[in-house]
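One-based numbering, in listed order, for ligands and for the atoms of each. Values below: every heavy atom of this structure, side chains too, minus hydrogens, waters and symmetry copies.
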Amino acid sequence: MPIIEVENLSREFQVMESAGRFRRRRKAVHAVRGIDFTVEPGEAVGYIGANGAGKSTTIKMLTGVLVPSSGRVTVCGFNPVPQRKALARKIGVVFGQRSQLWWDLPLQDSYPILGAMHRMSEADWRPRFRELADQMDLGEFLSTPVRQLSLGQRMRGEVAAALLHRPELVILDEPTIGLDMISKEKLRQFLDAERRENGTTLLLTTHDMSDIQRLCQRVLVVDDGVIAYDGPLTGLAEVAGAVRTMVVDLATPVHSAALLSLPDGAVHQSIEADGIRHSVSFDPRRLSAATVLAAISSAAEVADLSLHEPDIEHLVRQLYGSARR
Ligand SMILES: Nc1ncnc2c1ncn2[C@@H]1O[C@H](COP(=O)(O)OP(=O)(O)OP(=O)(O)O)[C@@H](O)[C@H]1O
């Protein structure tokens, strides 16, 4: 049974906009427009999209913070808004911008409170806390008040707090925003291990494509309130019609692109290093790298070669645009 089921889910907001100098009128903003998706237990899914695409609105409906305007949503078997308390025992939520820790208390004092809130006995929460503190390296700042922690330290504390009650599903909204590379990597490693070892389902929104590459086998791209893509990360390139680039270093210089007799569909991009280095782009759906290389090799001796996949951020931007066309 899916852990998240979303069916024809919509949410609109009524906002006031100005209509002339003294008049204001009501306008509906359609933040989410009839989306459908399911997530199976143990999956790690990236929920990505441009600013204002509808990610936070969806997450708020999944966690019971916002009532949908229409459609159906079931998370861990619950209807999130009316069954919010029961749902809170099954899910963990991390919002990069919001804290669930007590700011004036030393970090370690938040966990007994959270344990009590989840109705866990000391024999239950304490070993779990030790395990999380160990995995997230919380040791050296456990006695520091939360307000004095660095962002990276606090986020590690937040993730430990969200996972204390061993939730089946963890929803993370921008978990790595503002973190340095080392803290990001630590967090990603931890989340990946949590999913592999305990089967915890992950759903995360992020603007950092490395989070997705590192953690998620599947991405949902939301654009203007609709799902523009649902599939593996590798499939994004195909859908976006992205090009691949081959860079060749020749044994002897060639100063004209025409001399390389490139096949139809391959586009010569640049000549560098006095005619030695040439870049050629092509659509991998229409032309194989082997065909491009064979054509170049028949015209000149190739000393070295590298292939460059399209940048994932570039692909996602292309996809946002294509959903609107
Ligand atoms: N409470 C609200 N009242 C009115 N409009 C809202 C409200 N919340 C969201 N919106 C609008 O709904 C749309 C979707 O917003 P949402 O916050 O879901 O986007 P997002 O994808 O999370 O963006 P970001 O990446 O910037 O966080 C936007 O046009 C936003 O202005």
Any idea which part of V15 is under 4.0 Å from ligand 1, heavy-atom wise: side chain, backbone, both or neither?
side chain
Counting only heavy atoms from other residues, nucleotides and ligands, does the tally under 6.0 Å from CE of M16 exceed 12?
yes
Tell me which protein heavy atom sits closest to atom 15 (O) of ligand 1, plus the residue, atom name and distance to 0.1 Å.
T57 OG1, 3.8 Å
Can you check which of A31, G52, A50, A28 brings a heavy atom nearest to atom 28 (C) of ligand 1?
G52
Once you round to the nearest 0.5 Å, how far does OG1 of T144 lie from CD of Q153?
7.0 Å
Atom 17 (O) of ligand 1 [closest protein heavy-atom partner, distance rounded to 0.1 Å]
S56 CB, 3.7 Å
Can you confirm whether the side chains of S99 and E158 place a donor and an acceptor under 3.5 Å from each other?
yes
Do the ring planes of F37 and Y47 sit parallel (below 30°), tilted (30 to 60°) or perpendicular (above 60°)?
tilted
Pairs under 3.5 angstrom only: tabulate donor-acceptor contacts from the side chains of residues 62-75 to other protein residues two or more places apart or in another chain.
| from | atom 1 | to | atom 2 | distance (Å) |
| --- | --- | --- | --- | --- |
| T63 | OG1 | I59 | O | 2.8 |
| T63 | OG1 | K60 | O | 3.4 |
| S69 | OG | E12 | N | 2.9 |
| R72 | NH1 | T74 | OG1 | 3.3 |
| R72 | NH2 | E7 | OE1 | 3.0 |

For atom 25 (O) of ligand 1, closest protein heavy-atom neighbour:
K55 NZ, 2.7 Å
Please check if the number of heavy atoms outside E140 that lie under 6.0 Å from its CD is greater than 12.
no
State the atoms of ligand 1, each with its element, that fall below the 4.0 Å cut-off from a heavy-atom position in A53.
19 (O), 20 (P), 21 (O)
Hey, which atoms in ligand 1 end up nearer than 4.0 Å to a heavy atom of N51?
23 (O), 24 (P), 25 (O), 26 (O)
among protein heavy atoms, the one nearest atom 1 (N) of ligand 1 is F13 CE2, 3.6 Å
Going by the order shown, which atoms of ligand 1 are within less than 4.0 Å of some heavy atom of H207?
25 (O)
Looking at ligand 1, does any of its N/O atoms fall within less than 3.5 Å of an N/O of G54?
yes
Heteroatom proximity flag, V29 to ligand 1, N/O under 3.5 Å:
no
